[in-house]
Amino acid sequence: MKQGDVIAGYRITTAPTNANGGKCIWAFAEKSGSAYFVKQFLEPKRPKNDDRDSPSLRIRRQLAREFEERHRTIMKLLRPDAPGGGNLVLATDFFHEGSTYYKVTERIDTSSLEKPQSLEPRQKMVLLKTLGTSLRQLHDIGVVHGDLKPLNVLVQKRDDAAFHTAKLIDFDDSYVAGKPPAPEDISGDSLYGAPEWRRYLQQDGSVGPDRLMCAVDVFALGLMTHLYLTGELPRHDRRFGSPADAVNGGGRLRLDPRLSDEMQGLMRAMTQADPKQRPRMVTYLKALSDPKVCALQHRRPGSAAPVEPSAGESSAPHARSSRVRANLRPRTGGPAPVPRPAVTDPPPPEPATGPAPASPPPTRSSRVRINLGDRGRDRNTP
């Protein structure tokens, strides 16, 4: 694909790039007076339809069939005319030319708010609810986004709108719950991957494809919620390359103590190691019923002052960092990253599903309690 090429009627108008493209290159294009975004997949390649045969050709043909079936299935399931579909940026065309696959979406404004944490609590609440509603729409039809991260969420506000909303993009790694691609064919970002997703990529025999359900997205959303509210991801032991690896290693993510008790309880539940214990999207949306839940709290009298992270802790990299390879292993040793000033989490006083602690007494009024007890066996769980 080069600038000036015409591919299936789409004239490429910009120089192709691999920026944030994973196993793809992309460019803008024009067809019949409309502007489009065209993505060219670098793999797999589609073998020719001829009479040649060999074990390797049979494997390549099978991989190509599975790739086509997955993308076409997701396109059929995700309908832009469904309720809430306006915040999903969906593919309009998927085809191959020769041995190469292409996917097309309408060109949209890709500008995105860089610091959602700077928004007022009500703005944050609406932003998170629009993102949660999009995920609920996917999960209700048994589809996992598979690569939920800030780069795949556009935070925007129309000139005539009062609130920022979230548009969900890039469904290349999406799959029907329990039927993910093979580990070697996944190119998602390990920084936001769930514990079971990481173990599947590492080809841990205890985690089969049937374990990769919609709860994979719930873990990622828990991390992103923390980021959108505070500006940072939860802290974790820096010996591990990602929050999920730390959880798999028996660690506990350290949440910003400025978060409301209700939000901390929700995030604890969303980032549990066991996907069966993570809440459904309906619980997440119910929790966002009051802007106070999204407000950062003033430190209570007598509480500890902010401190630097200890040598064994690390804040995860900024959300706009480049893609992390999916086969990342837990890291040991190496130079320590320069810590940013941050607060640390006091020892957690509750399991995620329990009631808020009785002491010290709260100083905030009109506290909203959430009920995380409506988890259960659904599409979030195997």
Side-chain angles (χ1 to χ4, degrees), residues 1-31 35-50 56-78 80 88-108 110 138 143-149 151-154 168-176 179-190 192-193 197 200-201 209 212 216 322-327:
M1 182 168 69
K2 301 186 299 294
Q3 187 172 359
D5 284 353
V6 177
I7 304 170
Y10 298 94
R11 183 174 61 86
I12 307 302
T13 58
T14 61
T17 177
N18 180 247
N20 299 314
K23 297 180 180 179
C24 307
I25 59 175
W26 60 269
F28 295 117
E30 180 273 337
K31 182 178 182 180
Y36 294 93
F37 173 91
V38 177
K39 182 177 290 187
Q40 174 187 312
F41 294 92
L42 302 179
E43 55 183 59
K45 293 297 184 181
R46 191 177 194 272
K48 294 180 179 179
N49 291 324
D50 54 29
S56 63
L57 270 174
R58 287 195 293 271
I59 292 173
R60 288 166 55 198
R61 288 191 176 112
Q62 177 63 24
L63 291 175
R65 282 194 295 269
E66 292 174 355
F67 181 81
E68 288 187 34
E69 180 182 357
R70 180 168 62 86
H71 281 269
R72 296 192 189 282
T73 297
I74 295 301
M75 288 182 66
K76 290 178 181 178
L77 289 172
L78 300 182
L88 303 179
V89 181
L90 304 177
T92 59
D93 201 359
F94 175 73
F95 61 91
H96 69 88
E97 186 163 290
S99 63
T100 302
Y101 290 101
Y102 298 87
K103 181 179 276 190
V104 180
T105 63
E106 293 182 3
R107 182 171 180 172
I108 63 168
T110 57
L138 299 187
V143 171
V144 183
H145 183 278
D147 193 18
L148 185 62
K149 59 185 178 183
L151 282 174
N152 287 337
V153 177
L154 305 180
L168 190 55
I169 67 173
D170 197 346
F171 296 88
D172 292 344
D173 288 295
S174 298
Y175 56 89
V176 174
K179 298 180 179 180
E184 59 271 17
D185 296 328
I186 292 178
S187 58
D189 194 329
S190 291
Y192 292 88
W197 183 88
Y200 176 73
L201 264 61
L212 270 61
V216 167
S322 60
R323 180 183 295 260
V324 179
R325 290 189 305 168
N327 63 352

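Only this structure's heavy atoms are used, side chains among them; waters, hydrogens and symmetry mates stay out.
Side chains of F94 and Y102 form no contact here, defined as non-hydrogen atoms less than 4.5 Å apart. Side-chain contact check for T73 versus V176: some heavy-atom pair is nearer than 4.5 Å. Side chains of Y175 and L212 form a contact here, defined as non-hydrogen atoms less than 4.5 Å apart. Considering only heavy atoms from C-beta on, I108 comes within 4.5 Å of L154 through its side chain. Looking at heavy atoms from C-beta onward, L168 lies out of side-chain contact with V89 at the 4.5 angstrom threshold. You'll find the side chain of P181 reaches within 4.5 Å of the side chain of R70, heavy atoms only. Between W26 and T17 there is a side-chain heavy-atom pair separated by less than 4.5 Å. Annotation: side chain of L148 is in contact with side chain of V153 (closest heavy-atom distance under 4.5 Å).
When only modelled atom types and interatomic distance are considered, Y10 and D93 share a side-chain donor-acceptor pair under 3.5 Å.
In this structure, N49 CG and R61 CZ are separated by 7.0 Å, a value rounded to the nearest 0.5 Å. Taking CD of Q40 as the reference point, atom NZ of K103 lies at 14.5 Å (rounded to 0.5 Å). In this structure, CD in E69 is found 10.5 Å from CD1 in I74, a value given to the nearest 0.5 Å. Rounded to the nearest 0.5 angstrom, E30 CD and I12 CD1 are separated by 10.5 Å. To the nearest 0.5 Å, atom CG of residue D172 and atom CD1 of residue I186 are 13.0 Å apart. Taking CG of D185 as the start and CG of L201 as the end, the distance is 10.0 Å to the nearest 0.5 Å.
Under the 3.5 Å distance criterion, the side-chain polar atoms of T14 are matched with a main-chain donor or acceptor of F28. A donor-acceptor pair under 3.5 Å is absent between the side-chain atoms of R11 and the main chain of Q3, judged by distance alone. For the pair D147 (side chain) and N152 (backbone), a donor-acceptor distance under 3.5 Å is absent.
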Stepwise side chain to side chain contact (heavy atoms under 4.5 Å, CB included) check, L151 with D170:
CA-CA 9 Å; L151 282 174; D170 197 346; over 6 Å; no

Just do the side chain to side chain contact (heavy atoms under 4.5 Å, CB included) check on L138 and F171 with the steps written out, would you?
CA-CA 11 Å; L138 299 187; F171 296 88; 3.9 Å; yes

Walk me through it: do T92 and Y36 pass the test side chain to side chain contact (heavy atoms under 4.5 Å, CB included)?
CA-CA 9 Å; T92 59; Y36 294 93; 4.3 Å; yes

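Of all heavy-atom pairs spanning I25 and P16, the tightest one is CD1-CB, 4.2 Å. Residues A64 and P47 come closest through the heavy atom pair CB-CD, 4.1 Å.
Under the 30°/60° scheme for interplanar angles, the aromatic rings of F41 and F67 are found to stand perpendicular. Ring orientation note: the planes of H96 and Y101 are nearly perpendicular, at an angle over 60° on the 30°/60° scale.
Contact check on D173 versus K23 returns no salt bridge, with no Lys/Arg side-chain nitrogen under 4.0 Å from an Asp/Glu carboxylate oxygen.
If you look at Y192 and H145, their ring centroids are not closer than 6.0 Å.
Within a 6.0 Å radius of CD in E97, more than 12 heavy atoms belonging to other residues, nucleotides or ligands are found.
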